[in-house]
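Everything below concerns the one structure shown next.
What you see is a predicted model, and the numbers here were worked out from it, not measured in a lab.
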Amino acid sequence: MPVTEESPPATIPQMEVATQANGPDPEDITLDAILKHIGQFGRFQLFIFLLICLPMMFHAMFSVTYVFTAGTLMHRCNITECDGPNSRYEEPWTEYSIPKNGKDLDKCRRYENKELSSWNQTADICVASNYNRDNAERCADNDFVFRDQELTISNDFGIYCDDEWKLSLVGTINNLGQFFGIPLGGVVADRYGRSFSIALGGIFGAVLGIVRSYSPNYVWFLIFEFLDNLTSSTLYSTCFIIGIELVGPKRRVLACSVITVFYAVGEVALAMFAKGFQNWRNLLRITYGPSLILLAYFWILPESVRWLLSVGKEERARAILRRAAKVNKRKLSESVLDKLVIANKDKLQQSEESKFPIREAFRNFKWRIANCSLCWIVNVLVYYGLSLNVVLLDGDKYNNFAYIALVEIPGFFMPLLIMDRFGRRYSLCGLMIFSGICCIGTIFAGGDQQALQLVLFLVGKLTITASFQVLYFFASEIFPTNLRNSLLSFCSMMGRFGSMLAPQTPLLAKYYANAPAILFACAAIFSGCLTLFFPETTNLVLPTTVKEAHAIGVKKPPKDQNINQAA
């Protein structure tokens, strides 16, 4: 296993027992060694994790509210000669007065009534023989009968039929906001701190979401949809990063698995809110209102110690470590902190790097960044593409949305079982390839084996969710602290191309029914194979500088060989 210069020695477990009372090994004064001594996941880390889980839930709701606020409504033409004030979506006359579009009634067309020109209030012309099945016409004046009582921007702003592309545009604008917001938030997090970025993004997102609920028209709704996601899109990656940087190496997988589970919890909560509040304005207020509590995070959420050390703010880092040791009921001597500060200053001075060497990072990690970006695009494409192209489950859409979110929870914990056992690279490769195989399996299952197709869909969604989890984890470990959030956010930004492409993949099915599944399978298997070119990071200390990050995966000659060469 390759190690960096700052990696703990192979006898760390024995060292921990011997030095439990007196502190870390004097020869291993690193932040990871101190975290092992004061508790890799003690009460202090647990308290912070509880704080982090809240913005993670809010981000899940913020990023997909458009599914319900801009959803397409089920409606049909109002058959004037048949329908009354209390008519339902499905009536006996809809069988012969409205054409079918698949299994559903056509939303925007009706059959022509041959006797409508001579219709009077006393004549009953709502009979099958009076309708011309060979001639369908548009609904008159957007006069519709709706299946549900739901109010979205569709019926609030009069967006129907030929204008329904405007509803799809909302999702595109949502992802466009994330495309620009994710790297911007990453820069803020690396320059001004992780906790500052979470608080700032959360409070701006909350305010803009509430303001969006008062939008007077479609244009203003789009503007605030973009601004909301521009400001709040950084929450997921920053919460993940602060979780990675907070705990010791042996607890990273568990800690971040717990964090990301709350993303699925947020999606389930959104589905239940949408089911209870079927007015899009009320839904936004109920969803975004509680997130105003993130204003308090400017004061109550401790900053990442790794970030503080990477920017030379050693005194704040010392204070947080003292607090952590006290809360975890461990002793931490001032001499250990002094040595950590001295070692950190030496490391920063000897690194000969600027605090934010973006150009140097892209020069040193260009292939690593390119591979990571491609992997992100494919994961997002398959993740969302499976949801958009699979046959919808029976039942109401709110429960279906919740079920799909719940499927993700086991996927968040799969890395806990496999990452340390098989390593980051092989875990990521295997999960992506297995998801691709499931996509291929849906083709051979055919429409006659719906149960098998459903199982393959769920397993494919499960494995791509786990793959996404490993990818977040992996990308957090292959980049240095002073650029970790920026480069992770850049790769995540590139992933938005996948989320923009995913809604268009159903169009491929018009030319060949299995085209989307083939696309997902080929992309997942190809990118999965390329992940083997990443350096392995299992059980390694998180790199602080570009030099340390570049050294990951570089094999070093044994010490005996160095001595012989010197002789």
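- Side-chain atoms of Thr152 come within 3.5 Å of backbone atoms of Ser154 as a donor-acceptor pair (strictly under, hydrogens ignored).
- Cys77 is linked by a disulfide (SG to SG under 2.5 Å) to Cys139, counting only residues two or more places apart in sequence or in another chain.
- For the 3.5 Å distance criterion, the side chains of Thr234 and Thr238 qualify, holding a donor opposite an acceptor.
- To the nearest 0.5 Å, atom CG of residue Leu284 and atom OG1 of residue Thr69 are 5.5 Å apart.
- Ile242 and Pro302 make their closest contact through CD1-O, 4.0 Å (heavy atoms, listed as atom of the first residue, atom of the second, distance).
- Cation-pi geometry between Lys107 and Tyr160 is not met at under 6.0 angstrom from the ring centre and within 45 degrees of the axis.
- Between Leu184 atom CG and Ser233 atom OG the span is 8.0 Å, to the nearest 0.5 Å.
- Using a 3.5 Å distance cut-off with no hydrogens or angles, the side chains of Glu408 and Thr465 do not pair a donor with an acceptor.
- Cys108 is linked by a disulfide (SG to SG under 2.5 Å) to Cys161, counting only residues two or more places apart in sequence or in another chain.
- Partners of Arg138 by salt bridge (Lys or Arg N to Asp or Glu O under 4.0 Å), not counting sequence neighbours, listed by chain and number: Asp162.
- With rounding to the nearest 0.5 angstrom, the CG atom of Leu73 is 7.5 Å from the CG atom of Asp148.
- With sequence neighbours excluded, the residues forming a side-chain hydrogen bond (donor to acceptor under 3.5 Å, both in side chains) with Arg285 are Ser213, listed by chain and number.
- No close placement of the Tyr297 and Phe196 rings is indicated, their centers lying 6.0 Å or farther apart.
- Closest non-hydrogen pair, Phe412 versus Thr260, comes out as CE1-O, 3.2 Å.
- Enclosure of atom CG in Leu406 by more than 12 non-hydrogen atoms of other residues, nucleotides or ligands within 6.0 angstrom is indicated.
- Minimum interatomic distance between Phe62 and Thr287 (heavy atoms only, all atoms of both residues): CE2-O, 4.3 Å.
- For Phe157 against Pro216, the heavy-atom pair with the smallest separation is CE2-O, 3.7 Å.
- A salt bridge does not link Asp106 to Arg110: none of the charged side-chain nitrogens sits closer than 4.0 Å to a carboxylate oxygen.
- Remark: Arg306 engages Asp32 in a salt bridge (Lys or Arg N to Asp or Glu O under 4.0 Å) (not counting sequence neighbours).
- Val407 approaches Leu462 most closely through the heavy-atom pair O-CD1, 3.6 Å.
- Checking Phe497, Phe226, Phe490 one by one against Phe179, the ring pair (Phe, Tyr, Trp, His ring centres under 6.0 Å) holds for a single residue, Phe497.
- Residues Tyr89 and Phe146 keep their aromatic ring centres 6.0 Å or farther apart.
- The aromatic ring centroids of Tyr66 and Trp280 lie 6.0 Å or more from each other.
- Scanning both residues, Glu303 and Ile320, for their nearest heavy atoms gives O-CD1, 3.4 Å.
- Taking the six-membered ring where the residue is Trp, the centroids of Tyr472 and Tyr236 are separated by under 6.0 Å.
- Residues satisfying the side-chain hydrogen bond (donor to acceptor under 3.5 Å, both in side chains) test with Tyr263, not counting sequence neighbours, are Ser63.
- Classification of Asp228 and Arg212 as a salt-bridged pair holds, one side-chain N sitting under 4.0 Å from a carboxylate O.
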